[in-house]
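What follows is a short report on a single structure.
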Amino acid sequence: LNRLIRAHARSRRETVNTTYWICAAAMNHHSKAVTEDILQMPWRKALRHDLCGGLVCAIDPRARICSRLWCLFELHQGATRAAEDGGKFVVDLVAQVTRRGES
C-alpha cells in the first residue's frame, strides 16, 4: 500500500504535505457504527470535506475490490462528488503490476 500511495503522489506531483485518508486503517468496518446511517459514516464525511481533493483506490493483484459492494459504494460516492465538483475532485485507481507467480 505504501508503494502504491507513493507512486500515486509522484504521478500527481503531490507535495510532501499531501494527506491521505486510509479508510481501512481509520475505521473498523465490522463495528456497529457501520449499521448506522451510511451517509454519516466517517469515511463519507472525510470524502465530502472541503479539504478533500480526491479519492485513491488501491487495487490488489486479484482486484478483489470489484467483488466488495462496500468498496464499490465508496467509489460511487467519489465519482458522484467528482461530477458535482466539475473536475476539481479526482478519483484515481492505482494497482501493483506483478508478473505471474509474484505477489
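Worth knowing before you read on, the calculation uses all heavy atoms, side chains too, and leaves out hydrogens, waters and symmetry mates. Since we're looking at a predicted model, the values are computed, not measured.
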Looking only at non-hydrogen atoms, find the nearest pair between [X] and [Y] and report the distance.
{"X": "A46", "Y": "C52", "value": "O-CB, 3.2 Å"}
{"X": "V91", "Y": "A79", "value": "CG2-N, 3.8 Å"}
{"X": "F89", "Y": "L55", "value": "CZ-N, 3.8 Å"}

Determine which pairs satisfy salt bridge (charged side-chain N to carboxylate O under 4.0 Å, His left out) with at least one residue from residues 6-17, sequence neighbours left out, and list them in order.
R12-D92

Looking at L4, L93, V94, which hits side chain to side chain contact (heavy atoms under 4.5 Å, CB included) with I59?
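Passing option: L93.
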
Would you say L75 ends up clustered with F73 if hydrophobic residues are merged whenever their side chains have heavy atoms under 4.5 Å apart, either directly or through other cluster members?
yes

Measure the NZ-CZ distance between K88 and R81 for me, rounded to the nearest 0.5 Å.
8.5 Å

Taking the side chain as everything from C-beta on, heavy atoms only, tell me whether R48 gets closer than 4.5 Å to E84.
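They are in contact (side-chain heavy atoms under 4.5 Å apart), so the answer is yes.
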
